Protein chains: 2
Amino acid sequence: MISADQALVKKMNKKLVLREIIHTSPVSRAKLSEVTGLNKTTVSSQVADLLDDNLIFEIGQGLSSGGRRPVMLVFNKNAGFTIGIDLGVDYLTIVLTDLEGTIVSESHQKIDSTLPCDLQKLMITLLEKQISVIPDSRYGLIGICLGVPGLVNNDQELTFTPNSNWSEIPFKQILEQTFQVPVFVENEANTGAYGEKEYGAAKHFKNIVYVSINAGIGTGVIQNNELLKGKNGLFGEMGHTVIDFNGPRCTCGNRGCWELYASEKALHQSLMSNNQTVMWQDILHRAKQNDPQVLQALDTFGFYLGIGLKNIINTFDPEVIILRNRIIEAFPQVLNSIRHTLVPNHTHAPDVNILLVSALKHNATALGAAAIMIKHFIDGVTA
Amino acid sequence: MISADQALVKKMNKKLVLREIIHTSPVSRAKLSEVTGLNKTTVSSQVADLLDDNLIFEIGQGLSSGGRRPVMLVFNKNAGFTIGIDLGVDYLTIVLTDLEGTIVSESHQKIDSTLPCDLQKLMITLLEKQISVIPDSRYGLIGICLGVPGLVNNDQELTFTPNSNWSEIPFKQILEQTFQVPVFVENEANTGAYGEKEYGAAKHFKNIVYVSINAGIGTGVIQNNELLKGKNGLFGEMGHTVIDFNGPRCTCGNRGCWELYASEKALHQSLMSNNQTVMWQDILHRAKQNDPQVLQALDTFGFYLGIGLKNIINTFDPEVIILRNRIIEAFPQVLNSIRHTLVPNHTHAPDVNILLVSALKHNATALGAAAIMIKHFIDGVTA
DNA sequence: TATACTTAATTTAGTCAATATATAAAGTAG
DNA sequence: CTACTTTATATATTGACTAAATTAAGTATA
């Protein structure tokens with residue numbers, strides 16, 4: 001069991017001061033004392049420590065409001081850098097960010113091979129390229145976080161991927177050995193949720209559900225600023241919840257899973273002609289030209305999404321739901337179909353404003369991964 | 001923002017020591033120092049405080065294992081008492097417990113009137129009777145917690161009750177004024193979940209879902225030992241999630257809600273003949289006599305329960321699900337029907353051992369309410 | 001029975017991070 | 001130029017924890 005002592009007090013207050021500087025910089029010692037409730041002496045001492053750590057620096061004097069001019073402090077966002085990865089079934093997005101999550105460099109690469117060894121080589125090559133451009137800094141590369149479309153257990157092993165062979169690769173182990181930095185592996189919906197919470201559409205909320213609609217449907221749930229994980233890290237994986245128990249059989253063994261109706265795969269299938277798959281770019285193009293068949297399909301898509309989103313509202317009682325889908329982002333009219341389903345003429349209907357579209361869009365997963373790594377780093381230097 | 005200081009350290013360690021005494025008493029100061037990691041001097045000091053508070057006492061010397069004999073400490077479970085209430089649509093259960101959740105006195109009363117003012121009088125009368133038997137103790141009645149079948153907002157106001165008029169009564173305000181003690185109001189599924197977690201079937205788990213099946217279906221979710229609440233306190237209220245979007249219209253405005261299929265109300269309706277309602281005692285009786293119609297109905301009941309429970313597993317990834325229903329408790333064969341639905345012949349099937357039956361049974365809600373009050377009290381005296 | 005060893009709990013002295021108060025630094029206002 | 005403000009630091013004190021020594025009370029063994 002863990003007992004408390006003065007070291008803990010110091011760490012807690014250090015984190016408190018650093019957080020406040022990050023969120024309100026530039027800020028003076030006096031102001032910090034005021035908002036944190038800490039004694040001025042204590043703040044000065046903590047600030048001295050943080051200056052030693054290169055986590056903050058002084059930018060000179062601020063404006064006087066009738067007395068001695070304050071020394072303004074700012075967060076040193078370039079004290080270190082992190083890499084967030086979005087590994088898809090057929091693409092690999094890598095972002096290099098500073099400690100505020102601002103992208104310094106990024107790469108988007110299509111994955112041509114389905115062989116795990118090819119992906120492994122590709123990933124390491126691309127990472128080496130990104131790492132080579134990291135500026136000189138006190139902490140350098142603080143770590144790598146990987147968002148993956150599949151089930152991640154509590155040991156951060158990728159145990160199941162529906163549409164790829166990536167679960168054969170022990171990412172954490174390989175990347176830690178290769179680059180000698182901490183590596184985290186997370187489900188893409190969880191990293192996406194965290195990204196939107198830190199930098200995106202959910203910045204000002206603490207109870208959110210993030211829904212990413214790709215080939216399948218992934219869900220990440222944040223409650224009181226904490227990602228919920230469940231026993232095996234599968235919390236919120238709602239793609240295979242049943243919305244019609246008489247419906248068609250799913251690959252998971254159940255009938256009428258949400259994914260069968262409201263995934264991009266389902267949308268594509270509804271538009272397939274002569275066994276010819278439709279590209280999503282085509283769908284978008286035709287939608288913008290008011291192609292009736294596509295508009296009809298998108299309306300149905302929205303209806304089915306709405307069914308599951310209604311379940312999400314009834315299940316998690318969130319402040320907001322963030323939708324992450326390339327078609328919805330480019331053609332927001334789909335939201336109207338969803339809202340029609342969500343809000344029948346009834347008193348118990350949820351607030352329509354609960355629906356938001358991803359602000360980070362195609363970078364949500366990678367930026368969220370970076371954000372998770374940054375949080376871990378900040379927790380580490382202040383503990 | 002809240003900063004840390006020495007007072008916080010002391011409180012944290014006080015709670016640590018008290019918890020350890022509660023869970024392992026009788027225990028010596030030396031042993032406490034060993035398991036908590038705190039210095040022997042610190043433990044002695046904290047123990048002295050707790051002795052002062054009458055929260056623990058010494059029961060004399062324990063056995064020597066080759067040295068000075070230890071002084072054994074135990075939790076003073078009679079330092080105070082609490083009342084937990086289970087308010088149903090037509091019944092009122094009250095339990096008076098000590099600080100370990102052991103029932104000292106209880107009352108089960110049928111509510112004949114549907115008038116709020118009648119219930120209010122009845123409740124106060126019964127509470128006065130229970131309070132009159134509380135033994136002399138340092139803290140006396142530490143508070144009252146009320147579990148209710150309806151929606152409770154973050155201000156502990158009962159905002160909606162599907163089958164009664166109880167939401168008109170400002171319980172918290174009335175009971176606090178009448179008895180001058182802290183009063184909490186919680187959804188019955190949340191108190192039940194907490195009760196099973198503290199004293200019942202889920203004692204050794206930290207990620208649990210509790211499902212109470214009455215006229216409707218209530219769900220309480222505990223993740224990492226914390227009750228999840230959501231924005232409006234509706235987290236986990238899954239009775240109105242859709243399991244068949246083509247299904248019949250529900251009073252909530254949606255189609256095919258789980259409650260329409262898997263509540264006791266649904267079971268009763270499936271067995272209704274000539275517009276004559278069936279009593280649950282009859283159902284049980286006929287089931288035990290192998291009445292085919294009832295067995296069939298229960299099998300269907302189990303199937304529909306299974307559909308929703310599968311969704312719960314896919315949604316919350318819990319260690320265990322606790323089922324609270326009087327018919328299932330008395331006739332556990334229903335579990336087999338549920339398990340058949342839960343586990344089709346498929347690799348992704350969940351572990352059948354995930355299903356547990358309530359250990360606290362008809363007292364789950366009231367005992368859970370008491371447990372919540374006790375937790376609040378312990379948090380209070382150590383803060 | 002005497003001696004050595006163990007274990008339990010307290011006493012005493014010291015550490016560390018916080019606070020309170022006083023002081024210094026550097027401005028504004030009239 | 002003087003009085004007042006605001007910012008930041010210096011000094012002394014407080015309080016919770018720790019370490020080491022001490023007291024207390026047993027067991028083990030020759």
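Throughout, protein chains are lettered first and strands after them, A, B, ... in sequence-line order, and every chain is numbered starting at 1. Every value quoted in this text rests on a predicted model; they were computed, and no experiment measured them.
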Asker: Show which side-chain atoms of residues 54-63 of chain A pair as donor or acceptor with protein atoms under 3.5 Å away, not counting sequence neighbours.
Answerer:
residue	atom	partner	partner atom	Å
A:Asn54	OD1	A:Arg138	NH1	3.4
A:Asn54	ND2	A:Leu51	O	3.4
A:Glu58	OE2	A:Arg29	NH1	3.4
A:Glu58	OE2	A:Arg29	NH2	2.8

Asker: The criterion is side-chain contact (heavy atoms from CB on, under 4.5 Å); which residues satisfy it with B:Thr41, sequence neighbours excluded?
Answerer: B:Asn39

Asker: Residues two or more places apart in sequence or in another chain: which of them pass salt bridge (Lys or Arg N to Asp or Glu O under 4.0 Å) with A:Glu157?
Answerer: none

Asker: With a cut-off of 3.5 Å and sequence neighbours excluded, list every side-chain donor-acceptor pair involving residues 221-229 of chain A.
Answerer:
residue	atom	partner	partner atom	Å
A:Lys229	NZ	A:Glu186	OE2	2.7

Asker: What protein N or O atoms touch nucleotides 24-28 of chain D N or O atoms at under 3.5 angstrom, if any, and at what distances?
Answerer:
residue	atom	partner	partner atom	Å
D:dA25	N3	B:Arg68	N	3.2
D:dG26	N2	B:Gly66	O	3.2

Asker: Only pairs at least two apart or in different chains count here, so list each side chain to side chain donor-acceptor pair (under 3.5 Å) that has a residue in residues 198-207 of chain B.
Answerer: none

Asker: Please identify the 5'-most and 3'-most nucleotides of DNA chain C with any atom under 4.0 angstrom from a heavy atom of chain B.
Answerer: C:dT6 to C:dA18

Asker: Using the test side chain to side chain donor-acceptor pair (under 3.5 Å), find all partners of A:Lys231 that sit at least two apart in sequence or belong to another chain.
Answerer: none

Asker: Going by salt bridge (Lys or Arg N to Asp or Glu O under 4.0 Å), name the residues that satisfy it together with A:Asp53, two or more places apart in sequence or in a different chain.
Answerer: A:Lys14

Asker: Of the residues in residues 39-49 of chain A, which ones touch DNA chain D at a heavy-atom distance under 4.0 Å?
Answerer: A:Lys40, A:Thr41, A:Ser44

Asker: With sequence neighbours left out, what residues match A:Lys375 under side-chain contact (heavy atoms from CB on, under 4.5 Å)?
Answerer: A:Tyr194, A:Asp379

Asker: Listed by chain and number, what are the salt bridge (Lys or Arg N to Asp or Glu O under 4.0 Å) partners of B:Asp98, not counting sequence neighbours?
Answerer: B:Lys77

